[in-house]
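In what follows, a single structure is set out as structure tokens and then discussed.
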Amino acid sequence: MTAIATLGALSLPISLCTSCKVSKKGVKGGFGVFAVFGEENSLGAGDKKSPWGTLFDVEDPRSKVPQCKGKFLDVYQALELAKYDIQYCDWRARQDLLAIMLLHDKVVELLNPLAREYKSIGTMKKELAELQGELAQAHKQVHISEARVSAALDKLAYMEELVNGKLLEDKTKTESSVASPSSSTSTQSLDTAKGKLPQKRLDVSGPAQLYHPRLKNFWYPVAFSADLKDDTMIPIDCFEEPWVIFRGKDGNPGCVQNTCAHRACPLHLGSVNEGRIQCPYHGWEYTTDGKCEKMPSTRLLNVKIRSLPCLEQEGMIWVWPGDDPPMETLPSLLPPSGFEIHAEIVMELPVEHGLLLDNLLDLAHAPFTHTSTFAKGWTVPSLVKFLTPASGLQGYWDPYPIDMEFRPPCMVLSTIGISKPGKLEGQSTEECTTHLHQLHVCLPSSRNKTRLLYRMSLDFAPLLKHVPFMHYLWRHFAEQVLNEDLQLVIGQQERMINGANVWNWPVAYDKLGVRYRLWRNAVEQGSKQLPFSKPMHISTLKTTKGDDAKTVY
């Protein structure tokens with residue numbers, strides 16, 4: 001039961017793999033699509049009528065395979081050949097399994113008591129030994145078929161990613177289309193095959209620029225309600241400007257410029273007095289709308305400092321820093337039903353908020369970066385994918401049981417299926433019994449600083465939130481995880497400032513980070529219709545069929 005393998009080495013006009021070398025003999029080192037065609041002399045349904053035959057009655061696909069011998073293929077033709085690979089491997093695996101079942105039938109027939117009257121013990125032993133040998137070979141062949149199917153599926157997924165990437169490139173017209181090479185391949189086409197392949201380019205390099213004013217026209221969470229007491233203030237930086245948050249007489253929060261109109265003293269160094277913030281220099285007092293209501297030792301003047309629209313919802317303080325009129329509604333950031341909030345942590349991080357979002361939207365780095373914390377003991381899968389609809393900023397990781405979403409303008413929500421620290425169970429969140437839900441808010445403080453708001457929720461162990469000092473333990477763990485990231489992201493930032501592009505070669509598992517960058521570019525360019533603006537619930541996405549859930553970018 002041996003198969004004759006035919007290897008077709010293909011040159012692809014678009015590729016995300018390593019560079020290829022072209023010689024007169026073909027392409028070496030590139031991505032090969034192959035089909036294992038051959039003449040099999042195995043036990044089949046024709047040997048004997050079997051009740052199993054109808055279950056495995058699948059047409060032999062070899063007659064339908066496109067003839068591609070000796071020719072270069074474009075990415076679409078290569079995808080078709082990869083699909084035929086899957087069809088053949090499926091057919092071959094069915095034949096191998098049918099062979100085992102027929103051999104088992106023969107064993108049963110040989111051991112049938114009615115047959116012993118006509119055969120000697122020696123003959124039965126000999127025939128049984130032969131059948132056992134054939135069974136062993138058939139089982140071995142089934143394992144080979146399983147490996148073939150697995151390899152073919154990986155190749156098909158890779159080809160689909162290449163095709164989808166090409167479709168997006170044609171749609172956005174960010175790069176000129178490349179025609180499929182023919183047998184008369186030009187020098188330029190040969191260079192393409194060698195690895196100088198056009199690719200959708202994201203240029204994030206050079207010194208961090210001032211944030212575009214259009215990026216300010218969103219509601220931004222800036223603090224947790226629990227941190228803002230009646231007599232306290234919270235100073236923040238938002239888009240390079242200093243602000244201070246405090247509660248007015250009515251208990252509602254307000255956000256005013258953190259600079260006194262008199263002598264430019266920082267107001268957060270003062271105090272809150274009867275719902276007004278008092279400057280520590282000369283005692284001028286301002287309400288939550290920025291109006292100065294008290295000027296000790298002098299006549300009251302009509303003075304007002306800048307203020308921002310400020311609201312409180314679901315345990316968070318929000319501000320609108322833009323010039324456009326604020327949107328009427330705020331997005332909900334509460335954890336899913338069944339979860340309880342266990343920790344709310346605020347940190348000031350010395351990185352540009354886009355780089356931090358890039359990091360949070362990427363999970364493929366976990367088994368390499370977070371080996372001392374939550375990813376300790378994780379294996380490194382051969383292929384990591386983020387599955388998402390063609391229009392959306394949410395999806396789920398494969399093979400990790402993690403759902404993730406980027407929610408404009410700066411929020412990342414994730415739900416992680418866990419069993420115990422450092423372990424993962426199942427390959428989807430639905431298969432896991434316990435979950436961790438995380439919210440990360442990356443407020444752009446300045447070009448090189450981010451205010452991070454982190455909220456952690458669990459759907460198990462509700463008593464943990466009542467354990468004394470548990471909040472400090474959660475903060476310690478969160479800082480450990482962030483420190484593993486920071487040493488890398490700060491290094492990225494240093495090189496970016498010196499001209500390095502931090503998005504040179506986006507690959508399949510970078511999908512959500514790329515979509516964030518495309519969304520942000522569209523906002524800054526003033527696009528009327530923002531990309532990926534049709535949200536889809538992740539549970540719906542997981543039941544979606546077809547290419548819509550497999551788009552590269």
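Note that this is a predicted model, so its numbers are computed, not measured. Computation of the quantities below employed the complete heavy-atom set of this structure, encompassing side-chain atoms and omitting hydrogens, waters and symmetry-equivalent molecules.
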>> If we check ring pair (Phe, Tyr, Trp, His ring centres under 6.0 Å) with Tyr220, which of these qualifies: Trp243, Phe239, Trp318?
In response: Phe239
> What heavy-atom pair brings Glu240 and Arg447 nearest, and what distance separates the two atoms?
Replying inline: OE2-N, 2.6 Å
> So Trp519 and Phe218, would you call those rings parallel, tilted or perpendicular, with 30° and 60° as cut-offs?
Replying inline: tilted
>> If you compare all heavy atoms of Met347 against all heavy atoms of Ala478, which two are closest, and at what distance to 0.1 Å?
In response: CE-CB, 4.0 Å
> Between Leu361 and Val412, is any pair of side-chain heavy atoms under 4.5 Å apart?
Replying inline: yes
>> A side-chain contact here means heavy atoms from C-beta on lying under 4.5 Å apart; do Arg515 and Thr388 qualify?
In response: yes
> Under 3.5 Å, is there a donor-acceptor pair between the side chain of Asn501 and the main chain of Leu202?
Replying inline: yes
> So do His370 and Val481 actually touch side chain to side chain, heavy atoms under 4.5 Å?
Replying inline: yes
> Do you know which two heavy atoms are closest between His440 and Tyr454, and how far apart they sit?
Replying inline: NE2-CD1, 3.3 Å
>> So, applying side-chain hydrogen bond (donor to acceptor under 3.5 Å, both in side chains) with Glu344, which one of His471, Arg455, Arg475 is it?
In response: Arg455
> What heavy-atom pair brings Val441 and Met316 nearest, and what distance separates the two atoms?
Replying inline: CG2-CE, 4.2 Å
>> Between Val272 and Arg247, does the side chain to side chain contact (heavy atoms under 4.5 Å, CB included) criterion hold? Intermediate values first, please.
In response: CA-CA 8 Å; Val272 177; Arg247 294 191 182 275; over 6 Å; no
>> Within the 4.5 Å heavy-atom criterion, are Thr288 and Pro253 side-chain neighbours or not?
In response: no
> Above 12 or not: heavy atoms from other molecules or residues under 6.0 Å from CG of Asp250?
Replying inline: yes
> Counting only heavy atoms not in Tyr509, do more than 12 fall under 6.0 Å of its OH?
Replying inline: no
> Side chain of Asn217, backbone of Asp323: donor and acceptor closer than 3.5 Å?
Replying inline: yes
> With side chains defined as the heavy atoms from C-beta onward, is the minimum distance between Arg407 and Leu413 less than 4.5 Å?
Replying inline: yes
> Is it true that atom NE2 of His476 has more than 12 heavy atoms of other residues, nucleotides or ligands lying nearer than 6.0 Å?
Replying inline: no
>> Quick one, Asp398 and Val384 - any side-chain contact, counting heavy atoms below 4.5 Å?
In response: no
>> Which heavy atom of Ser205 sits nearest to which heavy atom of Ala500, and what is that distance?
In response: CB-O, 3.2 Å
>> Between His212 and Val523, is there a side-chain heavy-atom distance shorter than 4.5 Å?
In response: no
> Less than 4.5 Å apart, any side-chain heavy atom of Gln492 and any of Val351?
Replying inline: no
>> Using the rule side-chain hydrogen bond (donor to acceptor under 3.5 Å, both in side chains), only one of Glu352, Arg520, Glu524 pairs with Tyr211; which is it?
In response: Glu352
> Short question: side chain of His268, backbone of Met233 - any donor-acceptor pair under 3.5 Å?
Replying inline: no
> For the atom pair CZ (Arg451) and CD (Glu348), what is the distance rounded to the nearest 0.5 Å?
Replying inline: 5.0 Å
> Distance from Ile345 atom CD1 to Glu479 atom CD, nearest 0.5 Å?
Replying inline: 7.5 Å
> What's the verdict on side chain to side chain donor-acceptor pair (under 3.5 Å) for Ser372 and Gln480, showing C-alpha distance, side-chain angles and the deciding distance?
Replying inline: CA-CA 9 Å; Ser372 298; Gln480 276 190 310; over 6 Å; no
> Between Tyr286 and Phe246, which heavy-atom pair has the shortest distance, and what is it?
Replying inline: O-CZ, 3.7 Å
>> Any side-chain to backbone donor/acceptor pair from Glu340 onto Gly338? Under 3.5 Å, distance only.
In response: no
